[in-house]
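In what follows, a structure is listed as structure tokens, so that the remarks can point back to it.
A quick note: this is a predicted structure, and the numbers were derived from the prediction, not measured. A note on names: the letters A, B, ... follow the listed sequences, proteins ahead of strands, and every chain is numbered from 1.
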Amino acid sequence: MPSEEYVERVLSVVERIPPGSVMAYGDIAEYLGFGGPRQVGWVMSHYGGGVPWWRVVRADGRPADCHAGEAIRRLRSEGTPFREPAGDRIDMSRARWDCQPD
DNA sequence: AGCCTGACAGATA
DNA sequence: GTATCTGCCAGGC
């Protein structure tokens with residue numbers, strides 16, 4: 001179990017992801033400078049209910065396997081760039097957010 | 001200690 | 001394009 005503080009930090013970053021952008025699990029871990037992608041995934045699976053969880057995706061641009069349909073629907077509705085023509089993966093080169101402050 | 005699990009990532013075939 | 005393997009970090013048994 002990660003510390004409460006770690007959970008809070010992960011959630012605070014996810015909350016700040018603007019509509020139309022996404023971050024990979026590994027990106028968040030790298031930004032925090034602690035833990036790894038799997039730790040972020042763990043936090044999301046247990047505490048991600050109150051944040052825009054659909055903006056956290058795998059590094060290859062595909063949402064987590066267990067809720068792919070729901071996430072893609074939400075992302076498309078907020079204008080996230082997808083790779084055409086398939087449209088099943090996000091265009092990471094355009095959608096990835098660096099967690100740069102406003 | 002040893003092995004398994006996970007909303008992961010990168011390299012390789 | 002897919003399938004597999006290994007590495008990763010933290011935790012459970």
Non-neighbouring partners of S77(A) that pass side-chain hydrogen bond (donor to acceptor under 3.5 Å, both in side chains), sequence neighbours left out:
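None.
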Report the residues that fulfil side-chain hydrogen bond (donor to acceptor under 3.5 Å, both in side chains) with D60(A), sequence neighbours left out, ordered by chain and then residue number.
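Not a single residue meets the side-chain hydrogen bond (donor to acceptor under 3.5 Å, both in side chains) criterion with D60(A).
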By ring-ring contact (aromatic ring centres under 6.0 Å, His included) - contacts of W54(A) (at least two apart)
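ring-ring contact (aromatic ring centres under 6.0 Å, His included) check on W54(A) returns nothing, list empty.
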Can you list, pair by pair, the side-chain donor-acceptor contacts under 3.5 Å of residues 27-41 of chain A, counting residues two or more places apart and other chains?
from: D27(A); atom 1: OD1; to: R96(A); atom 2: NH1; distance (Å): 2.8
from: D27(A); atom 1: OD2; to: A24(A); atom 2: N; distance (Å): 3.1
from: D27(A); atom 1: OD2; to: R96(A); atom 2: NH1; distance (Å): 2.7

Base, backbone or nothing for each nucleotide of nucleotides 2-13 of chain B, written B, S, -, heavy atoms under 4.0 angstrom, 5' to 3'?
----BBBSS---
Please collect all salt bridge (charged side-chain N to carboxylate O under 4.0 Å, His left out) contacts where either partner lies in residues 42-51 of chain A, sequence neighbours excluded, each pair once.
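Applying salt bridge (charged side-chain N to carboxylate O under 4.0 Å, His left out) to every pair that reaches into residues 42-51 of chain A, excluding sequence neighbours, yields nothing.
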By the salt bridge (charged side-chain N to carboxylate O under 4.0 Å, His left out) test, which pairs, at least two apart or in different chains, include something from residues 79-88 of chain A?
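For residues 79-88 of chain A: none.
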Could I get the full list of side-chain contact (heavy atoms from CB on, under 4.5 Å) partners for S3(A), not counting sequence neighbours?
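E5(A), Y6(A).
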A side-chain contact here means heavy atoms from C-beta on lying under 4.5 Å apart; do R55(A) and S21(A) qualify?
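No; the side chains remain at least 4.5 Å from each other.
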Earliest and latest nucleotide of DNA chain C, 5' to 3', sitting under 4.0 Å from a non-hydrogen atom of chain A?
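Nucleotide range in contact with chain A: dG1(C) to dG11(C).
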Within the 4.0 Å heavy-atom criterion, would you say F34(A) contacts the bases, only the backbone, or no part of the nucleic acid?
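F34(A): backbone/sugar contact only, no base atoms under 4.0 Å.
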